[in-house]
J.: 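Structure below; questions to follow.
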Amino acid sequence: MHKIRARVRNLEKQLITAEFWQDTLIAQNSLQELSDLIFREQEEYREWQTCLNDAKAALQLLESESDEQLEQELRTTYEFLSSKLKHVEILNLLNQPFDDKGAFVTITACDRNIDCQDWVEMLQRMYAHWCDNHDCKLRFLDESIGEFCGFNYVTLEISGKYAYGYLKSEQGIHQLKRISPFRKKPAIKTSFAKLEVAPIVDESMDFEIPQRDLEVLRGKHTYMRGPSPLAKVTHIPTGISVTSTEKRNHLANLEKALVCVKSKLFALMQIQGVALKDVKKPSPKTTLDNPIREYIFHPYQKVKDSRTNVETVEIEEVMKGNLDLFTKAYLKQMH
């Protein structure tokens, strides 16, 4: 919590400078951030204090007499406090620009075969569970369904405080090793999926894409959820392209697709360390030699992050969206 307080003090110092108020938009965003931080710290303190007081009272009662129900309540309180502590430890590492934003997540099969397409859907479900665990909302923005199952790719909009900060550590190649359920003869199959993560941009990200650099297509398409109006936006210089079918009309889908293109373009600018006019088209080649994480279902069970060497045999827990073990290790390494 000390980093939260340090950020509060830093914002409070900015408030008294004349330059701070010259840019109205930045000032408004900073004031909102300050308000959010103060509220969050006060709420967390009250919640923790209540739980600690309850735990102390339960321990005092248990000293005089045994009570199974009270013991269970104490265990539940301990698990809650332990979970909150892990969450706060990660929040204290999320101090980079845009960490508090939502995220666009695109998962793409690295090969158009049924095992890779199924792997994309498995990862999509994993992040859906992660959203449930972290009070985030998930929406399908775009998808290309596989021939028999799964997806060729899927783009998700994940809204919630610090979604980008948590999920930016998921960017890269994810490798799956298992006995394929789609083969007549049992055989171990290795599948790859590529994950791209971008912060959801807002007015504070001050850049505009020239109209001449955009190509816009409108139409209709039938997806898993039925017929939808379609809007596709392509940034011509980089080839970044997003199709939105989430909304019920073309204009709303166009706006959503533009936001996603802008977000992905901003993320690419950050990676390349350049301004918009100098951003380069990313290489179409996907290197599979260095996956960020390996998920092994057979001949043994293990999930290992190659960047931090953190690993666990609790593969089912990982697939249920319990990723904080990897998130925390990655963020610590980056500090």
Side-chain angles (χ1 to χ4, degrees), residues 10 14 17 19-30 32-33 94-108 110 141-142 144 153-159 162-173 194-219 230-247 250-287 290 292 334:
N10 182 259
Q14 291 180 37
T17 65
E19 295 81 5
F20 177 82
W21 300 99
Q22 290 176 1
D23 190 317
T24 308
L25 184 60
I26 291 176
Q28 287 176 345
N29 287 330
S30 297
Q32 184 60 52
E33 182 187 358
L94 297 180
N95 55 5
Q96 297 301 307
F98 316 113
D99 277 351
D100 63 337
K101 305 296 183 187
F104 288 117
V105 175
T106 299
I107 314 169
T108 306
C110 292
L141 184 64
D142 185 25
S144 170
Y153 70 83
V154 60
T155 297
L156 309 170
E157 180 185 11
I158 299 177
S159 55
Y162 294 97
Y164 174 69
Y166 269 85
L167 294 173
K168 66 184 181 182
S169 61
E170 297 297 298
Q171 177 149 316
I173 302 297
K194 179 183 179 182
L195 223 84
E196 300 170 272
V197 185
I200 297 177
V201 300
D202 57 22
E203 296 82 0
S204 65
M205 296 181 184
D206 188 22
F207 73 96
E208 289 298 326
I209 304 173
Q211 196 63 40
R212 65 179 181 277
D213 290 343
L214 294 174
E215 181 182 79
V216 177
L217 295 174
R218 298 179 184 180
L230 175 151
K232 181 179 180 180
V233 177
T234 302
H235 181 247
I236 299 167
T238 61
I240 291 173
S241 181
V242 174
T243 302
S244 175
T245 60
E246 180 206 6
K247 304 296 183 181
H250 284 109
L251 182 59
N253 279 322
L254 177 60
E255 290 174 352
K256 182 65 70 173
L258 276 168
V259 169
C260 191
V261 166
K262 191 174 181 181
S263 296
K264 289 189 171 191
L265 189 55
F266 178 81
L268 186 61
M269 290 160 55
Q270 295 293 104
I271 291 170
Q272 296 181 2
V274 297
L276 177 61
K277 62 183 177 63
D278 299 315
V279 71
K280 299 287 192 299
K281 187 174 184 177
S283 171
K285 293 182 180 179
T286 301
T287 304
N290 298 304
I292 66 158
M334 298 307 292

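The first residue in the sequence is number 1, and the count goes up from there.
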J.: Tell me which one of V201, V233, I240, V242 satisfies side chain to side chain contact (heavy atoms under 4.5 Å, CB included) with K262.
T.: V201
J.: Distance-only check: which donor-acceptor pairs under 3.5 Å involve side-chain atoms of residues 251-258, not counting sequence neighbours?
T.:
residue : atom : partner : partner atom : Å
N253    : OD1  : S244    : OG           : 2.9
N253    : OD1  : E246    : N            : 3.1
N253    : OD1  : K247    : N            : 2.7
N253    : ND2  : P229    : O            : 2.8
N253    : ND2  : K247    : O            : 3.1
N253    : ND2  : N249    : O            : 3.4
K256    : NZ   : E157    : OE1          : 3.0
K256    : NZ   : E157    : OE2          : 2.9

J.: Could you check if a side-chain atom of I209 sits within less than 4.5 angstrom of a side-chain atom of H235, using non-hydrogen atoms only?
T.: yes
J.: So do V197 and Y164 actually touch side chain to side chain, heavy atoms under 4.5 Å?
T.: yes
J.: Which heavy atom of A163 sits nearest a heavy atom of G102, and at what distance?
T.: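 What the structure gives for the nearest pair is CB-CA, 4.0 Å.
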J.: Test your reading of the model: is there a side-chain donor-acceptor pair from T245 to the backbone of L230, 3.5 Å cut-off?
T.: no
J.: Side-chain contact, heavy-atom cut-off 4.5 Å: I173 with K194?
T.: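 Yes; the side chains approach each other to less than 4.5 Å.
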J.: Does K280 offer a backbone N or O that forms a donor-acceptor pair with the side chain of Q272 under 3.5 Å?
T.: yes
J.: Tell me whether T155 contacts the main-chain N or O of T106 through its side chain, where contact means a donor paired with an acceptor under 3.5 Å.
T.: no
J.: L94 versus D100: any side-chain heavy-atom pair under 4.5 Å?
T.: no
J.: Do the side chains of D99 and K168 get close enough for a salt bridge, i.e. N-O under 4.0 angstrom?
T.: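 Yes, charged N to carboxylate O under 4.0 Å.
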J.: List the atom of A198, the atom of S263, and the distance in Å for their closest heavy-atom pair.
T.: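 Heavy atoms only, the tightest pair is CB-O, 3.6 Å.
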